[in-house]
Amino acid sequence: IKLIPSNKSKVEVVWAKAPEPQSVLEDKLTFSVSIKGRDVHSAWVEFSTDTKTWKKDGSSLSGAPYTFTVKRDRLPEGQVFLRAAAADIWENKGTTSPVPIVVAAPPPPPPPQKK
């Protein structure tokens, strides 16, 4: 159990280099965010297919620069919403606005080699 006193701290997360809306993710996508707040201890990427349920993708960053790489093989195929999130030591959380992208289908496997 982590006891957290009442506080008014805020974590602000804004796009520094956002992915283009509806861009197609073929292999990987790199973007960055700017985070404002006191005692920020981690930042991460989240994805959703419905903007209601968010899942964390990859590992967290604990310091600037906050640049993330998202890989196609870790996301579901089709339309996906991405956002960056961060939290401070008091568990106050901030997120960017979601950006819709399209995750391409994986390439077909190579044909079998004849011997």
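L25 is not listed as a side-chain neighbour of V102, based on a closest heavy-atom distance of 4.5 Å or more. Between W54 and P98 the shortest side-chain heavy-atom distance falls below 4.5 Å. Side-chain contact between S97 and W15: present, with at least one pair of heavy atoms (C-beta onward) separated by less than 4.5 Å. Taking 4.5 Å as the limit, every side-chain heavy atom of I101 sits out of range of all side-chain heavy atoms of V24.
The number of heavy atoms from other shown groups lying within 6.0 Å of NZ (K10) does not exceed 12.
Remark: of the listed residues V13, V45, V40, V40 is the sole one forming a side-chain contact (heavy atoms from CB on, under 4.5 Å) with Y66.
Across all non-hydrogen atoms, the minimal contact from A87 to V11 is C-CG2, 4.3 Å. What you find for T51 and S48 is that their closest heavy atoms are N-OG, 2.7 Å.
Within the model, atoms CG of D88 and NE2 of H41 stand 7.0 Å from one another, a figure rounded to the nearest 0.5 Å. The OG1 atom of T67 sits 8.0 Å away from atom NZ of K17, with the distance rounded to the nearest 0.5 Å. To the nearest 0.5 Å, the span separating OG1 on T95 from CD on E12 amounts to 11.0 Å. Note: K56 NZ to S42 OG = 6.5 Å, rounded to the nearest 0.5 Å. To the nearest 0.5 Å, atom CZ of residue F47 and atom OG1 of residue T53 are 11.0 Å apart.
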Identify each donor-acceptor pair in which a side-chain atom of residues 68-85 lies under 3.5 Å from a protein atom, sequence neighbours left out, and give them as a table.
from: T69; atom 1: OG1; to: T30; atom 2: OG1; distance (Å): 3.3
from: R72; atom 1: NH1; to: E26; atom 2: O; distance (Å): 2.5
from: R74; atom 1: NE; to: D57; atom 2: OD1; distance (Å): 3.1
from: R74; atom 1: NH2; to: D57; atom 2: OD2; distance (Å): 3.2
from: R74; atom 1: NH2; to: T69; atom 2: O; distance (Å): 3.4
from: R83; atom 1: NE; to: E46; atom 2: OE1; distance (Å): 2.6
from: R83; atom 1: NH2; to: E46; atom 2: OE1; distance (Å): 2.8

